[in-house]
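To keep things clear, I will list the structure first and then write my remarks on it.
Keep in mind the model is a prediction, meaning the values are calculated, not measured.
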Amino acid sequence: MSKSFGAMSVAQLSVLIQGGAADPVDVAETVFESIENYADKAVFTTLLKDRAMEEALASSKRLREGRSLGLLDGVPIAWKDLFDIEGLPTTAGSVVLTADAPASCDAAIVGLLRQAGMVAIGRTNMSEFAFSGLGINPHYGTPVNPRGADLPRVPGGSSSGAGVAVAAGLVPVAMGTDTGGSVRIPAAFNGIVGYKATRGRHAMDGVFPLAKSLDSLGPLCRSVRDAVWIDAAMRGLTAPDVVQRPLRGLELLVPENVVFDAAEPGVIAAFEAAMERLQNAGASVSRTAIPAFNEIFDLMTRYGPLVTAEAFALHRERLAGPDADRMDHRVVMRTRLGSRTTTPDYIAILQARSRLIADAERLIGNRLIAFPTVAHVAPPIAPLEDDDELFFAANNKTLRNTALGNFLDWCGVSIPCGTGVAGMPVGLLLSATASRDEALLGAALAAEAVVPAICLKLAIEPPGFYCH
């Protein structure tokens, strides 16, 4: 088949595989051919061709014998370079871990999706130790955003290779992690869907951490339907349990503070057009300030960010030794800031966090929260590599909107909703309070059928941009 299997959605590919129109071995071979022919070699850090072909052969045999494991059997998936893969060291986008002992078994989630029949293609590049929202990596190269038609632009991070691998049509889905936006940011910058689950929804065993109080998992893919299918398998289910919610009667809350500060006009225009379409489809939209947002940044100013404190605790010995000289100096600089957060400060942050989560839940109730995933489109790579001050400013702004949800323990889905400067994608972030993932995904299933038409309405999509 001439069409690239990697450019299909999980659901599209599943229909072909389950119906016998595509064989998992042919699918895997085509995916590897696409990756080998793709000019940007910074997308993957490791390819798992031997393992993938073994898994594809097993899937093909099951399907021929009428023993399909379900909707995902034979579907390729890529893994961010911090999930344990049996027999390989887990390098987390760094060179300082390459000599570590190989993992004795797959990460729990890798094992669950293998049990669902998925085929592991390789590991994708990332910001070193997952500590940046931009996706720049000096060790393995920076994957270039495939939506940039004018100049090389960042992929978003930290799940940079995951976002590019899906957006470039190399794989139908890639797994990421999200501590401050690392699934939703690359999804928004690359014009795809990214789902960040509530922390604790999925098993974290065998995943290299950044900040355990904030870390969560989620797929980057082409549709919310794909995310729903993957989420079910990540929880060990044999079939999805999320039901699409009607838009009529859906209540959306748009915050009036923080998330629109210094936002690009094109981002605001795309977001507001999406809100209009959702309202026309029956959703109700209210607007109010969420005081917790401002208090979160007041806490950071007083005590330092929670993520930085926990990252410093994790890497303290590494930063005090020779490994620090082999790390990205920007990661080192940012992580060392965590040394300023004392134990009493850390306890104060956690106590304030519990209060702010409760305050936000009382204010929001059963509504979903809607705002731009990122306040700007993907910026050019070169200036950020050359100027540390610009890098840190851009990184902070890029992470600002999404990090609010991590601190408040929300789940979230970023959906493409149009384009901004230079025809680059804009993301609409729908979020819900903790453990309301089913309600969020059910609403997002309905919203994605309405929102993507925005890119046609704006009529400024770059060549190759698609509405899905």
Side-chain angles (χ1 to χ4, degrees), residues 38-40 42-43 124-127 130-138 141-170 174 176 178 180-194 196 220 222 259-260 262-271 274 330 371-387 390-403 414-429 454-455 458 460-466:
Y38 193 65
D40 188 351
V43 180
T124 54
N125 202 351
M126 56 182 283
S127 306
F131 210 17
S132 166
L134 298 174
I136 290 173
N137 187 304
T142 299
V144 177
N145 191 315
R147 303 295 180 211
D150 54 347
L151 73 175
R153 292 177 177 269
V154 300
S158 61
S159 308
S160 55
V164 172
V166 174
L170 302 179
D178 194 310
S182 292
V183 165
R184 293 159 294 159
I185 291 168
F189 278 176
N190 288 278
I192 58 176
V193 169
K196 169 226 174 304
L220 295 97
R222 291 201 168 76
V259 294
F260 292 99
E264 291 178 350
V267 169
I268 295 174
F271 173 81
R330 292 159 295 208
F371 52 83
T373 310
V374 188
H376 55 89
V377 300
I381 294 173
L384 300 172
E385 290 180 324
D386 297 338
D387 186 333
L390 180 64
F391 174 95
F392 288 119
N395 189 58
N396 288 340
K397 186 177 179 183
T398 297
L399 288 162
R400 183 193 66 198
N401 287 8
T402 51
S414 181
I415 303 172
C417 69
T419 53
V421 173
M424 294 301 294
V426 173
L428 161 66
L429 179 58
I454 276 301
C455 61
L458 294 177
I460 53 174
E461 64 271 21
F465 191 82
Y466 58 93

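- By the ring pair (Phe, Tyr, Trp, His ring centres under 6.0 Å) test, Phe371 is found to be paired with no residue, residues two or more places apart in sequence or in another chain being considered.
- Legend: side-chain hydrogen bond (donor to acceptor under 3.5 Å, both in side chains) pairs involving residues 151-165, not counting sequence neighbours, sorted by first then second residue: Lys80-Ser158, Lys80-Ser159, Asp150-Arg153, Ser158-Ser182.
- The backbone N or O of Val144 sits less than 3.5 Å from a side-chain atom of Asp40, completing a donor-acceptor pair.
- Rounding to the nearest 0.5 Å places CG of Asn396 at 9.5 Å from CG of Leu134.
- Across all their heavy atoms, Pro143 and Asn125 have their closest contact at CD-ND2, 3.8 Å.
- Looking only at side-chain heavy atoms (C-beta outward), Phe260 and Ile268 come within less than 4.5 Å of each other.
- In this structure, OG in Ser127 is found 7.0 Å from CG in Asn137, a value given to the nearest 0.5 Å.
- Interatomic distance, CG of Asn145 versus CE of Met424, reported as 4.0 Å (0.5 Å rounding).
- The shortest heavy-atom contact between Gly163 and Pro186 is CA-CB, 4.3 Å.
- With hydrogens and angles ignored, the 3.5 Å screen pairs a side-chain donor or acceptor of Thr402 with a backbone N or O of Gly180.
- Residues Ser132 and Gly135 come closest through the heavy atom pair OG-N, 3.9 Å.
- A donor-acceptor contact shorter than 3.5 Å links the side chain of Arg400 to the backbone of Val259.
- Between Val183 and Lys196, the shortest heavy-atom contact is CG1-N, 4.4 Å.
- Rounding to the nearest 0.5 Å places CD1 of Ile185 at 8.0 Å from CG of Asn395.
- When all heavy atoms are compared, the tightest approach of Ala168 to Pro146 is N-CG, 4.0 Å.
- Listed for the Arg147 side chain is no donor-acceptor partner under 3.5 Å among the backbone atoms of Phe189.
- A distance of 8.5 Å separates CG of Asn190 from CG of Leu220, quoted to the nearest 0.5 Å.
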Please tabulate, for side-chain N and O atoms in residues 373-383, each donor-acceptor pair with protein atoms closer than 3.5 Å (sequence neighbours left out).
| residue | atom | partner | partner atom | Å |
| --- | --- | --- | --- | --- |
| Thr373 | OG1 | Ser414 | OG | 2.8 |
| Thr373 | OG1 | Gly427 | O | 3.2 |
| Thr373 | OG1 | Leu429 | N | 3.4 |
| His376 | NE2 | Thr398 | OG1 | 3.0 |

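- A 4.5 Å side-chain heavy-atom check between Glu264 and Pro372 finds every atom pair outside the cut-off.
- Remark: Asp178 CG to Arg184 CZ distance equals 4.0 Å, nearest 0.5 Å.
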